[in-house]
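Okay, structure first, notes after.
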Number of protein chains: 2
Amino acid sequence: MPAASRAAKEHKEAVETPRYDERETRALGLWVVLSRAAASVSSLSTADIALSELTPAEFGVLELLYHKGPLLLGEVQKKVLVSSGGVTYIVDRLADRGLIERRLCPNDRRARYAAVTRKGKALMKQVFPRHAKAMADALASLNPEEQAQAHELLRKLGLGAARAMGPKAVK
Amino acid sequence: MPAASRAAKEHKEAVETPRYDERETRALGLWVVLSRAAASVSSLSTADIALSELTPAEFGVLELLYHKGPLLLGEVQKKVLVSSGGVTYIVDRLADRGLIERRLCPNDRRARYAAVTRKGKALMKQVFPRHAKAMADALASLNPEEQAQAHELLRKLGLGAARAMGPKAVK
DNA sequence: ACTAAGTCTCTCAGTGCTAAGACAAAATGT
DNA sequence: ACATTTTGTCTTAGCACTGAGAGACTTAGT
């Protein structure tokens with residue numbers, strides 16, 4: 001963008017946007033419905049997951065490993081957005097129940113893989129389809145077209161917000 | 001992803017990826033971007049609120065009382081979606097810091113009002129505008145039109161999900 | 001009146017998580 | 001070769017909640 005037209009645009013906004021806080025009102029309103037929608041859907045998701053005697057975070061890790069195969073704990077952490085201590089805790093619990101197991105990493109003696117056991121696979125095979133259906137039902141108030149629109153908007157929003165918080169990784 | 005290439009990709013580690021129907025795939029994908037977007041925006045919100053030495057829940061209660069005036073604790077609970085024990089806890093903390101105070105209810109001796117003190121008002125007066133701006137920035141990757149679309153879709157989604165979980169109040 | 005049921009707040013034990021730091025191993029620089 | 005920095009996981013302490021229940025009070029039914 002040429003400097004001249006940018007300056008023109010800035011001038012224009014400064015002049016023609018007297019109600020500066022309309023932007024904020026709109027944003028706050030959107031943030032309210034966003035967090036409420038997420039909370040409601042999350043509540044349905046959690047309720048379904050609880051039927052399997054798992055917490056959402058446990059389910060998240062188990063499902064991740066089920067669909068992606070064995071992963072290093074650090075990779076798991078990046079995917080599920082939990083602190084490093086949290087990953088250890090969750091993996092401990094799943095391992096105690098025999099649903100996953102830790103494996104040594106041949107190239108790096110600090111690292112550990114987490115891998116779903118046969119028991120874990122059996123559980124997911126039984127539980128995941130029901131969960132998928134529960135989520136489809138939870139979002140059914142939007143028709144496919146609307147879901148596609150929402151998906152695109154939220155993707156954009158999520159990326160923008162993630163960028164805005166900088167590369168601030170979860171520790 | 002075409003079924004053929006997915007099958008080829010799976011060959012590596014014997015990961016079982018049964019085919020789910022399109023409705024469920026779409027719903028799961030939407031749920032992922034929804035929760036990620038909410039998490040990112042929430043993270044920005046929390047970071048801003050933390051500058052005032054408040055947790056998000058404390059800020060939520062304080063802001064609610066600031067804008068709506070004194071409310072019974074039960075009313076507060078309904079608005080901020082926290083358990084009854086949580087409301088007591090949060091109100092305790094805000095009251096300890098002198099930002100709000102409890103008041104007797106003339107008509108019902110069980111009930112208590114929570115009301116923002118002068119100190120609490122002063123804090124909000126100083127902090128809220130900055131927070132509003134922070135949220136506007138956090139959502140700025142969507143233009144006003146897109147924000148309006150997202151608002152409408154999320155409102156619909158949230159209402160549908162809330163209805164689906166029945167009148168299951170927070171205890 | 002009296003009882004039963006409902007409502008409002010608070011208590012308390014328990015939980016899933018975070019943050020900070022410790023430790024070991026690996027990568028990088030010198 | 002060695003020192004430094006970085007990386008990957010685990011440990012520990014602590015926190016912001018939740019859930020179940022109790023006590024105090026009100027309301028409704030008889």
Side-chain angles (χ1 to χ4, degrees), chain A residues 35 39 42-43 45-47 49-50 52-62 70-97 100-115 165 167-171, chain B residues 35 39 42-43 45-47 49-50 52-62 65 70-97 100-115 167-171:
Chain A
S35 64
S42 172
S43 177
S45 173
T46 300
I49 287 168
S52 327
E53 316 258 334
L54 292 168
T55 67
E58 286 167 0
F59 184 87
V61 170
L62 188 55
L71 294 176
L72 293 173
L73 297 192
E75 297 174 319
V76 172
Q77 189 191 337
K78 278 174 215 149
K79 294 277 187 184
V80 297
L81 302 179
V82 157
S83 68
S84 72
V87 169
T88 299
Y89 176 74
I90 291 164
V91 167
D92 278 351
R93 291 179 47 114
L94 289 171
D96 286 348
R97 292 174 58 181
I100 69 176
E101 63 187 3
R102 271 182 248 250
R103 288 183 197 161
L104 298 178
C105 172
N107 314 327
D108 187 338
R109 284 192 293 171
R110 295 166 301 179
R112 298 282 178 274
Y113 282 103
M165 53 193 257
K168 194 171 85 181
V170 183
K171 284 289 172 54
Chain B
S35 63
S42 172
S43 178
S45 172
T46 300
I49 288 169
S52 327
E53 316 258 332
L54 292 169
T55 67
E58 286 166 0
F59 183 87
V61 170
L62 188 55
L65 296 172
L71 293 176
L72 294 174
L73 297 191
E75 297 174 318
V76 171
Q77 188 191 338
K78 276 174 216 149
K79 294 277 187 184
V80 296
L81 303 179
V82 158
S83 68
S84 70
V87 169
T88 298
Y89 177 73
I90 292 164
V91 167
D92 277 352
R93 291 179 48 113
L94 289 171
D96 286 348
R97 292 175 58 184
I100 68 175
E101 63 185 4
R102 272 182 247 249
R103 289 184 195 160
L104 298 178
C105 173
N107 314 328
D108 187 338
R109 285 192 294 171
R110 295 165 300 179
R112 299 284 179 273
Y113 282 104
K168 192 169 88 180
V170 183
K171 284 289 175 56

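Note that the structure is a prediction, hence the values are computed from the model and not measured. In what follows, every chain begins at residue 1, and chains take the letters A, B, ... in the order their sequences are listed.
Across the interface with DNA chain C, nearest-nucleotide mapping of A:Val87 and B:Lys78 shows B:Lys78 to be the residue nearer the 5′ end.
The distance between atom CG of A:Asp92 and atom P of D:dT11, rounded to the nearest whole Å, is 7 Å. Atom pair B:Glu75:CD and C:dT9:C1' shows a separation of 14 Å (rounding to whole Å applied). Whole-Å rounding puts the B:Leu72 CG to C:dC10 P distance at 11 Å. Atom CZ of B:Arg112 is separated from atom P of D:dG23 by 17 Å (rounded to the nearest Å).
Residues that satisfy the side chain to side chain contact (heavy atoms under 4.5 Å, CB included) test with B:Ser35, not counting sequence neighbours, are B:Trp31. Listed by chain and residue number, A:Arg130 satisfy the side-chain hydrogen bond (donor to acceptor under 3.5 Å, both in side chains) test with A:Ser52 (two or more places apart in sequence, or in another chain). In terms of the salt bridge (Lys or Arg N to Asp or Glu O under 4.0 Å) criterion, B:Arg112 has no residue partners (sequence neighbours excluded). Residues satisfying the side-chain hydrogen bond (donor to acceptor under 3.5 Å, both in side chains) criterion with B:Arg109, sequence neighbours excluded, are absent altogether. Taking B:Arg103 as the reference, B:Glu101 meet the side-chain hydrogen bond (donor to acceptor under 3.5 Å, both in side chains) condition, with sequence neighbours excluded. Every side chain to side chain contact (heavy atoms under 4.5 Å, CB included) that B:Lys79 has, sequence neighbours left out, goes to B:Leu64, B:Lys68. Every residue two or more places apart in sequence or in another chain that forms a side-chain hydrogen bond (donor to acceptor under 3.5 Å, both in side chains) with A:Arg110 is listed here: A:Asp108.
Contact annotation: the side chain of A:Leu54 approaches that of A:Leu94 to within less than 4.5 Å [non-hydrogen atoms, C-beta and beyond].
Contacts with DNA chain D (heavy atom under 4.0 Å) in residues 102-111 of chain B: B:Asp108, B:Arg109, B:Arg110, listed by number.
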Please produce a list of atom pairs where a protein N or O lies less than 3.5 Å from an N or O of nucleotides 13-17 of chain C.
residue, atom, partner, partner atom, Å
C:dG16, OP2, A:Tyr89, OH, 2.9
C:dG16, OP2, A:Arg93, NH1, 2.7

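In terms of polar N and O atoms assigned as donor or acceptor, the side chain of B:Ser84 never comes within less than 3.5 Å of the base of C:dC8 in a complementary pairing.
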